[in-house]
There are 2 protein chains.
Amino acid sequence: MVSQKIPNLSVDCVIFGYNGKELKVLLIEQKKISEQLKTQYALPGDLVEIDEDLDEAANRVLFELTNIKDIYLEQFQAFGNPVRVKEQKDSDWLRSIREFPEERVITVAYYSLVNIEDVAPKGSAFADHTEWINVKKVPPLAFDHDQILNHALQRFRSELVTKNIGFELLPPKFTLSQLQQLHELVLDKKLDKRNFRKSIKKIDHLEPLDEKQTGVDHKPAQLYRFNPKKED
Amino acid sequence: MVSQKIPNLSVDCVIFGYNGKELKVLLIEQKKISEQLKTQYALPGDLVEIDEDLDEAANRVLFELTNIKDIYLEQFQAFGNPVRVKEQKDSDWLRSIREFPEERVITVAYYSLVNIEDVAPKGSAFADHTEWINVKKVPPLAFDHDQILNHALQRFRSELVTKNIGFELLPPKFTLSQLQQLHELVLDKKLDKRNFRKSIKKIDHLEPLDEKQTGVDHKPAQLYRFNPKKED
DNA sequence: TCAAAAGTGTTGCATCTACACCCATGG
DNA sequence: CCATGGGTGTAGATGCAACACTTTTGA
């Protein structure tokens with residue numbers, strides 16, 4: 001069954017992941033229409049269904065691509081340039097997948113943080129496959145997705161410092177050094193170890209475990225987890 | 001000439017003004033369809049035209065209602081509940097003005113600050129008239145506009161402190177006490193006069209004039225203006 | 001015993017808060 | 001000369017940045 005879609009309205013999702021070394025973003029490789037076309041990457045997104053909430057649509061797109069369900073997606077901006085999907089580079093592909101490929105499309109953009117281990121990227125109706133790509137090495141994207149990705153990164157950075165989000169990118173048990181590395185990567189600057197620890201020890205829901213790192217050839221670190229239920 | 005509109009997409013504008021005493025928001029009174037219906041207020045908004053940028057649409061709505069042109073409107077959130085325009089209270093009115101009144105409508109919300117003196121509210125195609133209403137005394141609004149207004153207020157508060165916006169609400173020449181009163185009103189708390197002055201004197205583009213208040217029965221205050229060109 | 005990362009406190013500086021009196025004007 | 005809001009500084013508390021050494025483990 002094909003559900004009915006609003007021809008002018010889509011959601012796009014910027015899904016960040018972290019492998020311990022690099023901040024990555026989940027991109028789809030657009031299905032190749034003909035051999036002449038070179039492959040183009042894009043953010044996962046889709047038209048919104050006729051009776052679907054925006055948040056629901058974003059979750060659906062995320063689920064279709066990653067099998068991840070019920071995580072928080074932050075809506076950060078709507079992009080509505082009337083020609084944002086009308087560049088030459090995008091029209092062939094749109095003609096192959098859309099019922100009304102000439103329509104202008106407004107998109108509502110969401111971002112989300114996931115544990116990269118939880119995701120087994122897979123193909124979908126629109127995409128040959130999905131791929132985790134280092135945010136510092138993202139090729140030019142379809143539509144205005146470069147711009148959307150940049151906005152997402154900015155928003156992520158500012159929420160990382162103001163709201164101390166970011167635990168979602170780490171494995172369930174992590175060390176403070178891992179957390180610090182993640183912050184350094186996202187903010188693109190070195191942080192002082194002692195000051196970092198002082199500042200994050202203030203935040204709630206960060207719980208030390210009775211457990212240490214194993215299998216490292218140096219002093220094993222205390223493991224922590226992020227526990228939203230913890231009162232502290 | 002009637003321009004073609006996208007049936008599922010609108011913009012709504014939360015326009016704040018300040019009269020020296022109260023923070024106000026510009027609302028439209030929906031045209032009365034029949035004598036039975038009670039008047040309902042709503043945020044100014046309209047469907048987006050088929051080739052119109054979102055920002056452009058917001059500016060058009062603002063202009064149609066206030067004759068104000070070319071001011072900055074901040075997009076803050078898209079609202080896309082599929083039933084947000086389908087409550088009983090709103091359906092009669094929609095049937096009277098919309099070509100497709102049963103369609104679900106996603107709206108992109110903007111907020112803006114204007115000098116209340118510059119606005120001569122007037123009627124429009126949809127509204128009997130427009131009215132400045134104290135934000136603390138806003139009646140229940142059409143659609144989900146209460147929620148939109150609340151989000152706008154929150155965003156305005158946070159940008160007032162982080163970005164020191166707010167001058168747009170004052171007359172071109174103002175005293176520091178007027179600026180302080182505005183901040184106190186928006187943030188809903190008393191501020192210390194000396195500390196307030198210290199903090200705002202750090203911000204750029206605030207320029208003391210060679211001019212003082214007149215016509216007051218106390219020591220006349222220094223006048224300032226906000227001058228975005230000033231380097232300082 | 002060596003290498004590698006974990007872990008831990010203090011000091012100076014900048015920022016924020018609290019607080020009270022004199023000044024200029026109009027009536 | 002009185003009432004009214006305008007205008008100003010300081011001291012204490014708090015928060016942030018800089019900085020170096022000891023510990024624990026595996027190899």
Side-chain angles (χ1 to χ4, degrees), chain A residues 18-22 157-158 160-164 167 170-204 206-226 232, chain B residues 18-22 157-158 160-164 167 170-204 206-226 232:
Chain A
Y18 176 60
N19 66 356
K21 288 211 185 80
E22 298 162 328
R157 287 197 184 105
S158 89
L160 180 74
V161 292
T162 60
K163 302 188 190 158
N164 267 300
F167 300 103
L170 294 169
K173 299 173 181 180
F174 52 86
T175 70
L176 296 185
S177 292
Q178 286 168 343
L179 184 58
Q180 181 176 348
Q181 279 161 35
L182 172 60
H183 279 238
E184 289 178 343
L185 186 63
V186 174
L187 304 177
D188 197 25
K189 64 177 176 194
K190 277 273 158 207
L191 299 172
D192 179 88
K193 184 161 52 158
R194 280 176 284 195
N195 293 338
F196 178 76
R197 283 165 187 240
K198 260 177 278 178
S199 74
I200 62 129
K201 273 176 179 162
K202 270 181 259 174
I203 73 178
D204 296 338
L206 184 58
E207 189 178 59
L209 301 170
D210 293 329
E211 209 173 330
K212 303 204 163 195
Q213 229 178 1
T214 54
V216 287
D217 77 337
H218 55 74
K219 177 172 174 179
Q222 171 76 246
L223 289 171
Y224 287 77
R225 69 169 173 173
F226 181 67
D232 224 5
Chain B
Y18 176 60
N19 65 356
K21 289 212 183 76
E22 298 163 326
R157 285 197 185 104
S158 87
L160 181 74
V161 291
T162 59
K163 302 191 191 157
N164 268 298
F167 300 103
L170 294 169
K173 299 172 182 181
F174 52 85
T175 70
L176 296 185
S177 292
Q178 286 168 341
L179 183 58
Q180 181 175 348
Q181 279 162 36
L182 172 61
H183 279 238
E184 289 178 342
L185 185 63
V186 174
L187 304 176
D188 199 25
K189 64 176 176 194
K190 276 275 159 206
L191 301 172
D192 178 87
K193 184 161 48 156
R194 281 176 285 195
N195 294 338
F196 178 76
R197 284 167 188 237
K198 260 177 280 178
S199 74
I200 61 131
K201 275 177 178 159
K202 269 182 263 174
I203 73 177
D204 296 336
L206 184 58
E207 187 177 60
L209 301 170
D210 293 328
E211 211 174 330
K212 304 205 160 193
Q213 230 178 1
T214 54
V216 288
D217 76 337
H218 55 73
K219 177 173 173 178
Q222 172 75 248
L223 290 171
Y224 287 76
R225 69 168 172 173
F226 181 67
D232 223 4

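Below, all heavy atoms of this structure are taken into account, side chains as well, without hydrogens, waters or symmetry copies. To find a chain, count down the sequence lines: A is the first, B the second, and so on, and within it residues start at 1.
In this structure, A:Lys202 reaches the D:dC16 phosphate: one of its side-chain N or O atoms is under 4.0 Å from OP1 or OP2. Residue B:Ser177 has no polar side-chain atom (N or O) positioned under 4.0 Å from OP1 or OP2 of D:dG5. Side-chain nitrogen and oxygen atoms of B:Lys198 include none within less than 4.0 Å of the OP1 or OP2 phosphate oxygen of C:dA18.
Side-chain atoms of A:His183 and A:Leu179, non-hydrogen and from C-beta on, do get closer than 4.5 Å to each other.
When rounded to the nearest whole Å, the span between NZ of B:Lys193 and C1' of C:dA20 equals 11 Å. Taking atom CG of residue B:Leu191 and atom C1' of nucleotide D:dG6, one finds them 17 Å apart after rounding to whole Å. Between B:Arg197 atom CZ and C:dA18 atom P there is a gap of 18 Å when expressed in whole angstrom units. In this structure, B:Gln180 atom CD and D:dG5 atom P are separated by 13 Å, rounded to whole Å. One can place CG of B:Asp217 at 14 Å from C1' of D:dC1, the figure rounded to the nearest angstrom. Atom P of nucleotide C:dA4 and atom CD of A:Gln178 are separated by 19 Å, given to the nearest angstrom. The separation between A:Asp192 atom CG and D:dA17 atom C1' is 8 Å, rounded to whole Å. C:dT11 atom C1' lies 12 Å from atom CZ of A:Arg194, rounded to whole Å.
Across every non-hydrogen atom of B:Arg225 and B:Phe174, the tightest pair is CA-CE2, 3.9 Å.
Counting non-hydrogen atoms under 4.0 angstrom, B:Lys212 reaches nothing in the nucleic acid. Residue A:Gln213 is classed as having no contact, given no heavy-atom separation below 4.0 Å to the nucleic acid.
Side-chain N or O atoms of B:Gln213 include one that pairs as donor or acceptor with a backbone N or O of B:Ala221 at under 3.5 Å. Counting only distance, with no hydrogens or angles, the side chain of B:Gln180 and the backbone of B:Leu191 share a donor-acceptor pair below 3.5 Å.
Test B:Lys21, B:Arg157, B:Lys190, B:Lys193 against B:Glu184 for salt bridge (charged side-chain N to carboxylate O under 4.0 Å, His left out) and you get one pass: B:Lys190.
With hydrogens and angles ignored, no donor-acceptor pair under 3.5 angstrom links the side chain of A:Lys219 to the base of C:dG7.
Side-chain proximity of B:Gln222 to the nucleotides C:dA4, D:dG7, C:dA18 is greatest for D:dG7.
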